[in-house]
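Beneath this line is the structure, given in structure tokens, with notes to follow.
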Amino acid sequence: MENKKTSVFDNSLIWFGAGVSIAEIMTGTLIAPLGFTKGLLAILLGHLIGCALMYFAGIIGGRTERSAMETVKMSFGEKGSLLFSTLNVLQLVGWTAVMIIGGAKAVSVISNSFLGSPLESLWCIVIGALIILWVVIGITNLGKVNTVAMGGLFLLTIVLSTVIFKGNIVNPSAGGLSFGSAVELSVAMPLSWLPLISDYIKEAKEPGKSAFASVGVYFISSSWMYVIGMGAALFTKSSDIAVIMLQAGLGILGVIIIILSTVTTTFLDAYSAGVSSVSISKKLSEKKVAIIVCIIGTLLAIFTPIEEFENFLYLIGSVFAPMIAVQIADYFFLKKDYSALSVNKTNIILWLIGFITYRVFMRIDTPIGNTLPVMIIVMILCIIVNKMFGGKKEC
């Protein structure tokens, strides 16, 4: 374990890199049917909800100096947390593969114009190798590398924004997307980081400030990417960001944008898979597991139709909203810590109720999406159950 601590600036750079993602740009294109004004409002509201939840999750890890999956033990017990740790590693392996193939396909579209061959597999290997390099350097030693990478990425995304928004607005196509659905699409990306953020805040010199700065920077950068995606659909006639870059003559710059954004985002998935694996077994090494995850993710990206598993990955992701709701209730409201228990059966049942409620709410259209209402319901249930059975060991 590295003893060096990360600064507020270091953590801000990490989460800027997480926010600048092709996946977020592509999600933004889906919001275009609302039009620019309503779409922007949905993006900001969704990110506000998601980032608030990220902040609370980060604070728990920062104050306790525990990784995300180690904080799960505080609500679900030592063995009770294994379910979430295992699912988290599985989803992170999957997301690593999905991000690598997504980046490789976008790069191949652009590089084909000057290399004369798509070379998707080669780009998968290049992106996977760069992610491994980030892992080897280590989260606490990325300072100068991340400063240069993020500085370049910032300038390149400004160029991309200028290219997209200099056009004339195109009337959005009629679609069935509601405002609440657009909000939920905007919550989706911050929500995906809930089981990861503590892995980075626990390494911070000033956890409180780092959590606030990290979430604030992520809010801005992720919202920006969503707006770029929405703008791509509204101000151009294409929602394919690689094609837009190519038509704008970005060429090599487009390749750099896509590779850097994919590496800096996917690195967090691979690294956190390593951190989560330690919660399953102390014999495992964070860095070695992270490297193995990169290799497996690269192989899956090359040899399997991994994109077909995205719905499965979203299903696993929905596990973590009710999980963090129970944690927030326990830590901030009830001041409970069940780390000494093997399994907190009551909280497992509350989580299961939350998971089922979440799946039901996915069919209900509310103006604020389904994540926030479900999490409020779960937190209220947890508090009520604790008040009713407060004398018992379990919540």
Side-chain angles (χ1 to χ4, degrees), residues 6 8-21 23-28 30-31 39-63 68 71 95 150 154 157 179-202 204 206-230 261 264-265 268-269 272 314 317-329 331-332 358 366-376 378-379:
T6 54
V8 174
F9 182 67
D10 290 335
N11 280 281
S12 298
L13 288 179
I14 289 169
W15 288 98
F16 175 78
V20 179
S21 163
E24 313 215 7
I25 292 175
M26 296 310 297
T27 306
L30 303 176
I31 298 175
L40 179 61
L41 181 59
I43 289 169
L44 295 177
L45 178 57
H47 276 79
L48 184 63
I49 293 170
C51 288
L53 300 175
M54 274 182 69
Y55 175 73
F56 290 126
I59 283 293
I60 295 173
R63 288 180 180 175
T71 65
W95 277 120
M150 293 307 105
F154 177 72
T157 48
F179 184 82
S181 296
V183 169
E184 195 59 31
L185 281 173
S186 300
V187 174
M189 287 301 177
L191 184 65
S192 71
W193 295 115
L194 287 183
L196 280 73
I197 186 170
S198 289
D199 297 344
Y200 307 93
I201 304 302
K202 76 181 180 68
E206 301 173 279
K209 291 181 180 178
S210 290
F212 185 81
S214 297
V215 171
V217 168
Y218 178 80
F219 174 89
I220 294 170
S221 60
S222 180
S223 298
W224 182 5
M225 294 304 105
Y226 268 71
V227 172
I228 286 177
M230 181 176 66
S261 64
T264 56
T265 302
L268 301 183
D269 292 327
S272 283
Y314 281 122
S318 67
V319 166
F320 299 108
M323 180 199 78
I324 196 64
V326 173
Q327 288 186 259
I328 289 172
Y331 186 83
F332 291 101
Y358 191 98
T366 75
I368 55 173
N370 58 64
T371 297
L372 184 60
V374 169
M375 293 190 71
I376 290 174
V378 174
M379 285 190 281

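- S272 has its side chain within reach of Y200: a pair of non-hydrogen atoms, C-beta onward, lies under 4.5 Å apart.
- Every residue two or more places apart in sequence or in another chain that forms a side-chain contact (heavy atoms from CB on, under 4.5 Å) with L372 is listed here: I49, I368, I376.
- Of the inter-residue distances, the one linking E206 atom CD with T6 atom OG1 reads 10.0 Å to the nearest 0.5 angstrom.
- Contact of the Y218 side chain with the I197 side chain is not registered, since no non-hydrogen atoms from C-beta on lie closer than 4.5 Å.
- With hydrogens and angles ignored, the 3.5 Å screen pairs no side-chain donor or acceptor of S214 with any backbone N or O of A211.
- Within the model, atoms CG of L191 and CE of M375 stand 7.5 Å from one another, a figure rounded to the nearest 0.5 Å.
- In this structure, OG on S198 lies 7.0 Å from CD1 on I324, to the nearest 0.5 angstrom.
- With rounding to the nearest 0.5 Å, the separation of CD1 in I201 from CH2 in W15 is 7.5 Å.
- The shortest heavy-atom contact between A68 and D199 is N-OD1, 2.8 Å.
- The distance from the OG atom of S192 to the CG atom of L268 is 10.0 Å, given to the nearest 0.5 Å.
- Side-chain contact between I228 and W224 is present, with heavy atoms from C-beta onward closer than 4.5 Å.
- Contact check for F332 versus I60: side-chain heavy atoms found under the 4.5 Å cut-off.
- For T264, the side-chain contact (heavy atoms from CB on, under 4.5 Å) partners two or more places apart in sequence, or in a different chain, are W134, M150, L153.
- Looking at every heavy atom in both residues, T71 comes nearest to G61 through CG2-CA, 3.8 Å.
- No side-chain donor-acceptor contact under 3.5 Å links T371 to the backbone of E184.
- With sequence neighbours excluded, the residues forming a side-chain contact (heavy atoms from CB on, under 4.5 Å) with L44 are L40, F219, S223, listed by chain and number.
- Using a distance-only test at 3.5 Å, with no hydrogens or angles considered, no donor-acceptor pair links the side chain of S21 to the main chain of A18.
- Heavy atoms only, all atoms of each residue included: P190 and C51 are closest at CB-N, 3.9 Å.
- Scanning for ring-ring contact (aromatic ring centres under 6.0 Å, His included) contacts around F179 gives an empty result, with sequence neighbours left out.
- Nearest heavy-atom pair, G369 versus V183, reported as atom, atom and distance to 0.1 Å: N-CG1, 4.2 Å.
- The side chain to side chain donor-acceptor pair (under 3.5 Å) check on S261 picks up nothing, with sequence neighbours excluded.
- Using a 4.5 Å cut-off on side-chain heavy atoms (C-beta onward), N11 and V217 make no contact.
- Contact annotation: the side chain of T157 approaches that of M225 to within less than 4.5 Å [non-hydrogen atoms, C-beta and beyond].
- Contact detail for I59 and G208: the closest heavy-atom pair is CD1-CA, 4.0 Å.
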Checklist entry - Which is it for N370 and Y358 under the side-chain contact (heavy atoms from CB on, under 4.5 Å) test, yes or no, and what are the steps along the way? => result CA-CA 7 Å; N370 58 64; Y358 191 98; 3.5 Å; yes
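- Here the straight-line distance linking atom CD1 of I328 with atom CZ of F56 works out to 6.5 Å at 0.5 Å rounding.
- Scanning for side-chain contact (heavy atoms from CB on, under 4.5 Å) contacts around S186 gives I31, I43, H47, Y226, with sequence neighbours left out.
- Heavy atoms only, all atoms of each residue included: V187 and G50 are closest at CG1-CA, 4.3 Å.
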